[in-house]
Novice: 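Before we start, here is the structure in question, set down as structure tokens.
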Amino acid sequence: MTFRDFVSILHYVNRILLTDLYQLTMAYGYWRRGLHARPAVFHLFFRRTPFRSGFAVAAGLAQVIEFLHDLRFERDELEYLRSLRSPDGQPLFDDAFLRFLGSMKFACDVDAIPEGTAVFANEPLVRIRGGLLEAQLIETALLNIINFQTLIATKAARIKRAAEGRQVLEFGLRRAHGPDGGLSASRAAFLGGCDATSNVLAGQRFGIPVRGTHAHSWVMAFDDERSAFAAYAEALPHNSVLLVDTYDTLDGVRHAIETGNELRKRGAALAGIRLDSGDLAWLSIEARRMLDEAGFADAKIVASNDLDEELITSLIQQKAAIDVFGVGTKLVTAFDQPALGGVYKLGAIEDGRGSWMRKIKVSEQVAKTTIPGILNVRRFTREGQSRADMLWDELDGPPDAQRIVDVRDATRSKSLVGCESRDLLVPVFRSGELVYDMPALSASRERASRELAALHPSVMRLSNPHEYPVGLEGRLHERRVEMIRQARGER
């Protein structure tokens with residue numbers, strides 16, 4: 001792999017081989033059977049909200065658009081496929097199929113829920129409608145992008161909520177899962193609510209504010225802490241946030257105060273200090289007292305050290321005097337749930353005579369039984385608050401009632417009479433042509449803030465949240481039950 005190839009992958013630039021081999025073998029099988037152009041509909045969704053949360057935040061659509069735009073097989077990619085062999089040494093794909101792939105142009109319809117939207121289990125975040133081969137071939141890449149960024153955006157939203165209005169900085173690049181994981185995590189974390197990042201490439205590429213202090217190595221490179229702080233303040237007088245725990249934290253605060261006094265003489269100011277170890281609650285309270293008594297009430301206290309929403313909640317409950325939280329490892333790696341578990345399932349396919357056939361996957365695990373049809377999501381609101389979501393089948397036409405039936409428990413239903421409603425899926429591609437004006441990342445971040453504010457506080461609880469109602473439109477519910485019975489051979 002050349003450096004240019006690596007950069008292309010890092011930036012999601014038209015690498016159609018970002019897929020699993022079975023997508024290509026299925027594509028070959030569809031082509032051999034003459035099914036490759038058969039219209040089909042797939043839905044990308046997750047089965048359970050991550051982190052035991054009451055919500056998730058949709059993210060990754062911008063990279064999906066970048067991936068799909070002008071998607072095609074390049075010559076070197078076709079040559080690689082030509083080199084693949086089956087276990088008996090024969091070519092895995094014949095030349096006629098590879099020539100077909102070389103002439104293929106992405107021509108699907110794509111609908112998606114905009115980034116920053118609050119989303120819930122079983123709702124299609126992305127819906128693909130087009131030729132069976134094309135729609136199948138893009139599964140892996142779409143799951144890779146949407147799964148990770150939705151996961152990180154949701155984690156960031158939880159952390160920002162725990163911070164109760166205090167700033168949250170994403171500091172996770174050095175602990176992220178490779179350069180691509182670090183870049184994607186920085187983007188998703190900002191969308192989910194983080195205020196800035198330490199990742200300079202993410203700042204340059206996505207317009208995210210960048211923030212940073214210095215490391216322990218800076219202090220250790222000098223003869224003592226005083227001279228290290230003085231040198232840093234001289235170099236960066238207007239960005240002097242000093243890391244005070246290299247040796248003794250409270251001594252470090254005293255030395256920072258001395259440096260702050262010298263800065264004042266030069267017309268600058270001590271921006272703050274950073275705590276990165278020890279009892280952050282007690283140390284922050286002591287540091288705040290010392291800074292205030294010395295006349296540095298405006299100096300901010302930044303805290304880091306393996307923080308997440310639970311630790312931040314605990315610190316605030318302890319009345320910690322922390323103004324800014326730097327969160328790294330546990331955010332960018334989604335430490336307590338490293339995968340969203342999103343899936344991509346066939347909902348309908350044409351029968352070859354122009355009629356749609358709804359499809360269902362039935363499982364012994366109730367959660368893995370899919371929802372058939374060409375699905376959309378309708379959100380019901382009242383007095384500015386999101387009340388419930390309805391999954392409905394576009395093959396049935398618009399919903400004719402404002403009542404939903406619980407996906408998992410048919411004995412539970414909810415009336416939504418008197419609510420306003422809107423459908424969440426919006427057109428993104430039509431016949432392979434981009435028709436969606438992708439908002440700026442900052443606009444998607446603002447959308448996430450509005451969307452989460454519209455949820456009931458009980459849904460937003462970090463622990464034991466109330467379950468937001470998501471259900472099936474009546475006709476869809478009845479059809480799904482009947483299809484499950486038929487699949488199981490029941491009358």
Side-chain angles (χ1 to χ4, degrees), residues 44-46 49-51 53-66 110-121 123-127 142 145-163 165 167-168 170 184-197 202-203 205-209 331 340 342 376-390 419-429 434-457 459-460 465 468 470:
L44 188 159
F45 61 96
F46 57 87
T49 49
F51 314 113
S53 180
F55 66 92
V57 178
L61 179 58
Q63 275 62 51
V64 166
I65 290 171
E66 190 173 355
V110 179
D111 296 88
I113 295 178
E115 289 191 298
T117 304
V119 290
F120 306 92
E123 298 182 342
L125 278 63
V126 181
R127 187 182 71 194
L142 267 58
I145 295 166
I146 295 291
N147 273 346
F148 182 67
Q149 292 208 36
T150 297
L151 188 72
I152 301 303
T154 305
K155 187 69 169 177
R158 288 172 56 81
I159 290 170
K160 182 65 176 178
R161 182 169 180 79
Q167 283 198 334
V168 176
E170 180 269 303
S184 298
S186 294
R187 181 186 186 278
F190 182 68
L191 190 155
C194 288
D195 297 282
T197 181
R205 187 175 181 210
F206 302 124
I208 304 172
L331 169 57
L340 179 64
N376 205 330
V377 187
R378 181 161 293 186
R379 178 151 298 166
F380 291 82
T381 60
R382 185 186 301 127
E383 298 176 350
Q385 187 176 95
S386 298
R387 302 286 178 164
D389 289 358
M390 172 192 285
C419 291
E420 298 177 348
S421 65
R422 74 183 195 277
D423 291 331
L424 299 188
L425 288 172
V426 300
V428 178
F429 287 89
L434 182 63
V435 297
Y436 182 60
D437 186 10
M438 186 69 205
L441 179 59
S442 58
S444 296
R445 182 176 184 271
E446 291 169 5
R447 183 188 187 97
S449 179
R450 293 193 307 271
E451 285 272 326
L452 298 178
L455 296 177
H456 192 276
V459 176
M460 293 295 294
Y468 180 85
V470 177

Novice: If you apply the rule side chain to side chain contact (heavy atoms under 4.5 Å, CB included), what do you find for Val119 with Phe45, and how did you get there?
Specialist: CA-CA 10 Å; Val119 290; Phe45 61 96; over 6 Å; no
Novice: Does a side-chain heavy-atom distance below 4.5 Å link Gln63 with Ser184?
Specialist: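 Gln63 vs Ser184: side chains apart.
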Novice: Out of curiosity, Leu424 CG to Thr117 OG1, how far, rounded to the nearest 0.5 Å?
Specialist: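 OG1 of Thr117 is found 6.5 Å from CG of Leu424.
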Novice: Can you measure from CD (Glu420) to CZ (Arg379) and round to the nearest 0.5 angstrom?
Specialist: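 It comes to 14.0 Å.
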Novice: For Arg445 and Gly193, work out which heavy atoms get closest and say how close.
Specialist: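 Minimum heavy-atom separation between Arg445 and Gly193: NH2-O, 3.0 Å.
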Novice: Please report the closest heavy-atom contact between Arg161 and Pro457, naming both atoms and the distance.
Specialist: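 Closest pair (atom of Arg161, atom of Pro457, distance): NH2-O, 4.3 Å.
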Novice: Between Glu115 and Gly60, is there a donor-acceptor pair closer than 3.5 Å when you use the side chain of the first and the backbone of the second?
Specialist: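 A pair under 3.5 Å: yes.
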Novice: Hey, what do you get for CZ (Arg387) to CG (Asp389), rounding to the nearest 0.5 Å?
Specialist: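 Going from CZ on Arg387 over to CG on Asp389, the span is 13.0 Å.
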Novice: Specify the closest pair of heavy atoms between Phe380 and Tyr468, including all atoms of both residues, with the distance to one decimal.
Specialist: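 Heavy atoms only, the tightest pair is O-OH, 4.5 Å.
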Novice: The test is side chain to side chain contact (heavy atoms under 4.5 Å, CB included); show your working for Phe46 and Asn147 and say whether it passes.
Specialist: CA-CA 8 Å; Phe46 57 87; Asn147 273 346; 5.6 Å; no
Novice: Nearest 0.5 angstrom please: Leu191 CG to Ser442 OG, how far?
Specialist: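 That separation rounds to 10.0 Å.
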Novice: What closest approach, in Å, do Pro427 and Tyr436 show between heavy atoms, and which atom pair accounts for it?
Specialist: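 Residues Pro427 and Tyr436, closest heavy atoms: O-CB, 3.5 Å.
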Novice: Looking only at atom types and distance, does a side-chain atom of Asp111 sit under 3.5 Å from a main-chain N or O of Leu425, one as donor and one as acceptor?
Specialist: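 Not at all, since once roles are kept as given, no pair shorter than 3.5 Å links the two residues.
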Novice: If every non-hydrogen atom of Pro114 is compared with every non-hydrogen atom of Ala58, which pair is closest and at what distance?
Specialist: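 Nearest pair, atom of Pro114 first, then Ala58: O-CB, 3.9 Å.
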Novice: Assess whether a salt bridge exists between Arg205 and Glu66, defined as any Lys/Arg side-chain N lying under 4.0 Å from an Asp/Glu carboxylate O.
Specialist: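 Salt bridge: yes.
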Novice: Return yes if some donor-acceptor pair links the side-chain N/O of Ser53 with the main-chain N/O of Thr49 below 3.5 Å, else return no.
Specialist: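 Not at all, since once roles are kept as given, no pair shorter than 3.5 Å links the two residues.
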Novice: Measuring from atom CG of Leu452 to atom CZ of Arg447, what distance do you get when rounded to the nearest 0.5 angstrom?
Specialist: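 Going from CG on Leu452 over to CZ on Arg447, the span is 11.5 Å.
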Novice: Taking all heavy atoms of Pro50 and all of Leu151, pick out the closest pair and write down the distance.
Specialist: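 Closest approach of Pro50 to Leu151: CB-CD1, 3.7 Å.
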Novice: Sub-3.5 Å donor-acceptor pair from the side chain of Gln149 to the main-chain atoms of Ala59, do we have one?
Specialist: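 No, the answer is negative, given that no donor and acceptor are paired below the 3.5 Å cut-off.
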Novice: Around atom CD of Gln385, are there more than 12 heavy atoms of other residues, nucleotides or ligands at under 6.0 Å?
Specialist: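 Yes, because the 6.0 Å sphere around CD of Gln385 holds more than 12 heavy atoms from other groups.
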Novice: Mind checking whether Val459 and Pro465 have side chains closer than 4.5 Å, heavy atoms only?
Specialist: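 Of all side-chain heavy-atom pairs linking Pro465 with Val459, none is under 4.5 Å.
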Novice: Could you state the interatomic distance from OG (Ser421) to CZ (Arg382), rounded to the nearest 0.5 Å?
Specialist: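 CZ of Arg382 is found 12.0 Å from OG of Ser421.
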Novice: Is any side-chain heavy atom of Arg158 less than 4.5 Å from a side-chain heavy atom of Phe55?
Specialist: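 Yes. Closest side-chain heavy atoms under 4.5 Å.
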Novice: Do Val428 and Leu434 come within less than 4.5 Å of each other through their side chains, counting heavy atoms only?
Specialist: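 Result yes, sub-4.5 Å side-chain heavy-atom pair found.
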Novice: Begin with the C-alpha distance, continue with both residues' side-chain angles, and end with the deciding distance and a verdict on side chain to side chain contact (heavy atoms under 4.5 Å, CB included) for Leu61 and Ser444.
Specialist: CA-CA 11 Å; Leu61 179 58; Ser444 296; over 6 Å; no
Novice: Using the side chain to side chain contact (heavy atoms under 4.5 Å, CB included) definition, which of the options Thr197, Leu441, Ile152, Asp195 pairs with Phe190?
Specialist: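 Among Thr197, Leu441, Ile152, Asp195, the one that satisfies the side chain to side chain contact (heavy atoms under 4.5 Å, CB included) with Phe190 is Leu441.
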Novice: Report yes or no: does Thr154 contribute a side-chain atom to a donor-acceptor pair with the main-chain N or O of Val57 at less than 3.5 Å?
Specialist: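 Yes, Thr154 side chain to Val57 backbone: donor-acceptor pair under 3.5 Å.
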